Visitor: 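Dropping the structure in here first, questions after.
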Amino acid sequence: MSEQIYKDFFEEAMRLIHDELANAGQENDFILNFKFSYLEDTISEIKVSVPSKFLWDRMVQKGNIQKVESKINELSGQEIKLSPVFNSKPAEQVSSSVSYAQTEKTVSKEQNVSSSSYSSGYSPSENSVSVQQRASHPQLIEEYTFENFVPGDNSQYAYSACLAAAKTPGHKNYNPILLYGPSGVGKTHLMVSIGNYIYSQNQSFKIAYITTESFMNEFTSAIREKNVDKFTKKYRKLDMILLDDIQFLEGKEALQNELFYTFDEIYNRKGQLVFTCDRPIKEISGIAERLRTRFTRGLNIDLRAPDYETRLAILDKKLQLQGKTLSQEVKEFIAKNVQSNVRDLEGALSKMIGYADLMHKELTLDIAKEQLSDSINASGNGIVTVEIIQKVVSDYYNVSVDDLKSESRKKTLAIPRHIAIYLCRSLTEYSLMEIGEEFGGRDHTTVMNSISKIENQLKIDATINDTLKVLKKQIKEYS
């Protein structure tokens, strides 16, 4: 049954888009190309009434669905999927998008279904389809499964524990699970794999995946809009919560208090709780002791960067999934030189495959060396990583890495943060969504905005280019 949690967000998003087009003299475009209406919602999706599948596909192709979802994301701080229901009457007689052009009724927002959608990590297929037509959970990355994970000495214990939790959710031996370690070693992959496994067995199981940054933004919005009761109801009724990057709970007393009660409610109903963190919970200051004891009640498991043999196995697995092949010497070259984490390893492989596909060339060792020359240092001992970029930029501007990841919009932090994000996009193979995750769970539109700011500054301020040259040199030396 719909609880209409997101109805207001949907309506407000539609109103804002209508006003933007109307002010630009394009109101007819809104009337013709935004023909869907709110029906109902669940914890992870908004169902909308659409006249036909043909019209829905056309709106997806034109980017209109993505536009509404992006606007909803901005308003709510949540990743909510729009799901079409064809030839259905909308709730409360809202017959079509024309009603938004004719009234000032507030309209609610939708979620971005593009492959680069934010912190939930949800990467749907090109053609959006309803939940009834797909087996995957709308908030979870489909590719993040146990089958696609390659356990090694660095992650075998974590893999086994997560699989056990997936098979027996809520069991006291595996609840909660806290996975900790540096970025890109597979924490989120394993966490989401638990959700995907359980959902494949029982689609009535209520699961939510969210970053701590988004959780905080939603909570703050609920306080501002005096809708805390909806927020509380939404999360405490879950069967499972997957909460990423809990290090950002540090010092946030009100949010910790809310999470404490949410934790107890889910745990006492034998629901499953899974958390990730970039370091052991004991190393995070500013966490209430009663919440700290909750995190350590179950399993706390350390994940590290994979060893050489595991890196080779990961490359083989990724190639198998993509139906691609590479020579053994090229795979060994990548595995030897990209030692930082799995994400960087995958990025290097994607760069190799992309070059081979576009140039229609067999990927030789010489070509591989050339393609990775920008990211691997001269001695061939390392690769440029987000962590290195954040470290170099923070040292240059005399701020901390945590400052770069924080919510603060102070100019003294905003400029180095924009530059760090710009360099991550320029020097790594990370997607916009992945970069956002490394900077406190920011969404892809915020990342794009940071990149645009630096690109615009480069056109008018020569000193920015000089700064970038210095930073790039330091990054290469540090790698």
Side-chain angles (χ1 to χ4, degrees), residues 2 6-7 9-22 24 26-91 94-101 107-143 209 431-433 436 443-448:
S2 172
Y6 300 108
K7 185 172 186 291
F9 290 119
F10 175 87
E11 292 179 345
E12 179 64 11
M14 292 291 280
R15 184 189 67 78
L16 291 172
I17 292 172
H18 164 258
D19 290 348
E20 289 173 7
L21 292 174
Q26 300 173 352
E27 186 167 10
N28 285 340
D29 182 41
F30 180 87
I31 294 173
L32 294 173
N33 296 307
F34 289 80
K35 295 182 72 66
F36 47 89
S37 309
Y38 174 92
L39 278 175
E40 59 182 8
D41 61 49
T42 66
I43 192 170
S44 58
E45 71 171 0
I46 296 173
K47 291 185 179 181
V48 292
S49 173
V50 186
S52 68
K53 185 178 185 301
F54 170 81
L55 183 58
W56 174 263
D57 290 343
R58 190 180 75 172
M59 290 188 294
V60 170
Q61 185 178 20
K62 291 174 69 68
N64 296 337
I65 304 301
Q66 293 89 329
K67 185 172 184 178
V68 177
E69 290 176 330
S70 179
K71 187 68 70 175
I72 292 175
N73 183 53
E74 292 174 18
L75 293 171
S76 70
Q78 283 293 98
E79 290 292 329
I80 306 301
K81 176 183 178 290
L82 289 186
S83 177
V85 178
F86 305 121
N87 297 317
S88 294
K89 293 182 179 180
V94 183
S95 61
S96 74
S97 62
V98 178
S99 63
Y100 299 101
V107 232
S108 143
K109 72 178 180 177
E110 312 176 286
Q111 208 65 358
N112 195 338
V113 296
S114 73
S115 60
S116 57
S117 113
Y118 166 60
S119 64
S120 74
Y122 169 51
S123 301
S125 56
E126 286 185 9
N127 295 321
S128 298
V129 291
S130 66
V131 169
Q132 290 80 2
Q133 294 173 298
R134 50 177 297 144
S136 61
H137 188 282
Q139 280 188 322
L140 304 179
I141 299 176
E142 295 180 44
E143 291 77 16
Y209 165 78
S431 68
L432 296 175
M433 181 181 69
D443 61 36
H444 70 285
T445 56
T446 303
V447 173
M448 289 175 62

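For clarity, every value in this text was computed on a predicted model and none was experimentally measured.
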Visitor: Decide whether Thr446 and Asp443 meet the rule of one side-chain donor and one side-chain acceptor closer than 3.5 Å.
Guide: yes
Visitor: Ile141 vs Tyr209, test: side-chain contact (heavy atoms from CB on, under 4.5 Å). Steps then yes/no.
Guide: CA-CA 10 Å; Ile141 299 176; Tyr209 165 78; over 6 Å; no
Visitor: How long is the straight-line distance from CG of Leu39 back to NZ of Lys47, given to the nearest 0.5 Å?
Guide: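 Taking NZ in Lys47 and CG in Leu39, the distance rounds to 8.5 Å.
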Visitor: How close do Phe34 and Met59 get, heavy atom to heavy atom, and via which atoms?
Guide: CA-SD, 3.9 Å
Visitor: Can you tell me how far apart CZ (Phe36) and CG (Asn64) are? Round to the nearest 0.5 Å.
Guide: 7.0 Å
Visitor: What distance do Glu45 atom CD and His137 atom NE2 have between them, rounded to the nearest 0.5 Å?
Guide: 9.0 Å
Visitor: Can you name the residues that form a side chain to side chain donor-acceptor pair (under 3.5 Å) with Glu20, not counting sequence neighbours?
Guide: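 Result, side chain to side chain donor-acceptor pair (under 3.5 Å) vs Glu20: Lys71.
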Visitor: Measuring from atom CG of Asn33 to atom NZ of Lys67, what distance do you get when rounded to the nearest 0.5 angstrom?
Guide: 10.5 Å
Visitor: About how many Å separate OG of Ser83 and CD1 of Ile65, when rounded to the nearest 0.5 Å?
Guide: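 Rounded to the nearest 0.5 Å, the CD1-OG separation comes out at 11.0 Å.
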Visitor: Locate the shortest heavy-atom distance separating Leu75 from Ala13; write the atom from each residue and the value.
Guide: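 Of all heavy-atom pairs spanning Leu75 and Ala13, the closest is CD1-N, 3.8 Å.
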Visitor: Output the distance between atom CH2 (Trp56) and atom CD (Gln61), rounded to the nearest 0.5 Å.
Guide: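 Atom-to-atom, Trp56:CH2 and Gln61:CD are 14.0 Å apart.
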